[in-house]
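Data first, discussion second: the structure below is written as structure tokens.
Every chain is numbered from 1, with letters handed out A, B, ... down the list of sequences. Side chains are part of it too, since the values below use all heavy atoms of this structure and drop only hydrogens, waters and symmetry mates.
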There are 2 protein chains.
Amino acid sequence: MAPLPATAVLLRRRPEGEPRPDDFEVVHRPVPDPGAGTLRLETLWLSLDPYMRGRMSAGRSYAKPVDLGDVMAGQAVCRVESSRHPDWAPGTLVLAGCGWCSASLSDGTGLVRLDPAPAPVTAALGVLGMPGMTAYAGLAEIGRPKAGETVVVAAATGPVGATVGQIAKLRGCRAVGIAGGPDKCRLLVEHFGFDAAVDHRAPDFAERLTAACPGGIDVYFENVGGAVWEAVLPLLNDFARVPVCGLVAQYNATDLPPGPNRVPEVMRAVLSRRLEIRGFIVWDFAHQQDNFRREVGGWLAEGRMATLEHRVSGLENAPAALVDLLAGRNTGKVVVKVAADAPD
Amino acid sequence: MAPLPATAVLLRRRPEGEPRPDDFEVVHRPVPDPGAGTLRLETLWLSLDPYMRGRMSAGRSYAKPVDLGDVMAGQAVCRVESSRHPDWAPGTLVLAGCGWCSASLSDGTGLVRLDPAPAPVTAALGVLGMPGMTAYAGLAEIGRPKAGETVVVAAATGPVGATVGQIAKLRGCRAVGIAGGPDKCRLLVEHFGFDAAVDHRAPDFAERLTAACPGGIDVYFENVGGAVWEAVLPLLNDFARVPVCGLVAQYNATDLPPGPNRVPEVMRAVLSRRLEIRGFIVWDFAHQQDNFRREVGGWLAEGRMATLEHRVSGLENAPAALVDLLAGRNTGKVVVKVAADAPD
């Protein structure tokens, strides 16, 4: 064992509005040998996710921001490269919150053994990981879709949205996906099996959404906010449920949109249609983990759920890939191949 | 038995903005003898409630609007005056959805026998009736206050707000009431036992509310909307619950307020603090009725809950009293004494 040459991506500047690749800094530095009771991880695949935009800013949120100069936060599939920890043998595959780096030290806290490892192993970052669990638990706890109801989700080719739509179908619901552009919309229907797809970039988006939801909307799984929410609101049925797990269309906004102030309209809809709007993050529903593994794992094994990945090569390309993700310029779950020999 | 001379109040015009007494018309007309299987009710006490503003308008809501020229909708304590219905003996006291009239015919549908009648009998329109049940069920199903938490309610001298605050105290919470003017605020603390009261007319209302809630807000029972909601939002704690049963501050609005559009701010708070915002009407939670009667009835009987009524004499004064109610110009549960000999 000897110091391992490693790459890390640091947060250099808090973005105003849309982040830019040079808000990050790529540095090279060796990671020392593990001491007694610690182990060294080699990062294989890094997950990129919309929540990372929040970590770049200093505002109040459910997680503390990344400090300037610190390694950018993130989850990855890693391999134990060397170990002086009795519980972790070299070669073990783990899920780790190691951040954007090619190698790191750990005392084992928070590591999750991937045993058996899913195939592809990157599923642990997508449909079988945090995004899939977000979809599953948000539907189970807040959406509570019943057969015959209409479930709508935006950013629907992303790993959360695609899982929401497919679970909705498996529960006997009508699944309507919203995505940007005709290619993504085609994927929603042909690859993921949504009943209908609506392009939020179309000038007549609101009319198209109305046409795609002839029975109104019973569950709107909110992960984008902004203009999509405004189009969804009038379509929500009495007793509709709105799990809110993200607002990616708003993350880069520096100002509130111009008036009028539509808050009274939202509250009036909440009252007169008895809506339930509820924010959550996946860890709030950790008690759903076993159900999630059993159900979603089973559907995947039976070939009843489709997945889609966008793979980026090289950690140095992660900043640009995150910028693209936030702008909706990629399709599917975004993962970064950090180790050249990372297994599929 | 002979036709009974009666007074009725009809909806004459749908108000634009604040309603006026002459949106109503007071008419006199005899109510005929009851036919076979029907009974005639004499109205003793009519309830006035904020929801009535909604019935005057044609907009989409949970109940259909009153048609122009029809008797205005409302609940009342009535006495069976004469009867050709086997189940309803003359003299029986009932709760009836008879509307704004001094006498009416009924086939018994929807009548609730007041046996034993509460003392005062008007409690059936307030703390032991729809407003009290709204407070109780909204807290039980959505607010779910835990001992030590802070519960905030506006329109707090009204029958819903006063019941919310007192139940919160009985559940071991800190109760903070919002009301208009120093007199109402004094009542909240001295008569109803709130821990603190905040005057929403004070120029530094938001600062005062912050000072009254040093631990933030865990439950905000929403029945007013508008500017109070904007002051409450930044104080809501993680996992705060917001039952929404009314928006009286918005009912008379003809336009949305000027911008910016603060909806993205609300959604961001929902997400980052995992708020639960949920609209309801009391009948959604009919299964809470037995618990409500047992608990609130018990507290009242033990002298652990205070009430306050604003009594108006004469059905012809109901229109002006409703206008005053919507403007916050009275204090306590508003009831109209319709029969000169109505029992207390």
Checklist entry - Looking at B:I281, B:V242, B:D255, which has the largest count of heavy-atom pairs under 4.5 Å with chain A? => result B:I281

Item to check | Over 12 non-hydrogen atoms of neighbours within 6.0 angstrom of CD in B:E16 | outcome: no

Next on the checklist: Does any backbone or side-chain atom of B:D284 lie under 4.5 Å from a heavy atom of chain A? Answer side chain, backbone, both or neither.
Outcome noted: side chain

Item to check | Option in B:G226, B:G225, B:P243, B:C245 with maximal non-hydrogen atom pairs under 4.5 Å from chain A | outcome: B:C245

Item to check | Main-chain N/O of B:P264 paired with A:Q250 side-chain donor or acceptor, under 3.5 Å | outcome: yes

Next on the checklist: Counting only non-hydrogen atoms closer than 4.5 Å, does A:I142 touch chain B with its backbone (N, CA, C, O), its side chain (CB onward), both, or neither?
Outcome noted: neither

Checklist outcome for this item: What one should report as the nearest heavy-atom pair of B:R274 and A:F280 is CG-CA, 3.6 Å

Item to check | Interface moiety of A:L275 toward chain B, non-hydrogen atoms closer than 4.5 Å | outcome: backbone

Next on the checklist: For A:Y251 versus B:L271, what's the shortest heavy-atom pair and its separation?
Outcome noted: OH-CD2, 3.8 Å

Checklist entry - For A:V270 and B:R278, which heavy atoms make the closest approach, and how far apart are they? => result CG1-C, 4.0 Å

Item to check | A:P258 backbone acceptor or donor facing B:N261 side chain under 3.5 Å | outcome: no

Next on the checklist: For chain B, which candidate among A:G279, A:A253, A:G259 shows the most heavy-atom pairs at distances under 4.5 Å?
Outcome noted: A:G279

Checklist entry - Any idea which of A:P260, A:G54, A:G246 has the most non-hydrogen atom pairs under 4.5 angstrom with chain B? => result A:P260

Checklist outcome for this item: For B:R262 and A:L256 the tightest heavy-atom approach is NH1-CD1, 3.4 Å

Checklist entry - Which atoms of A:V244 come close to chain B, meaning under 4.5 Å heavy atom to heavy atom: side chain ones, backbone ones, both, or neither? => result both

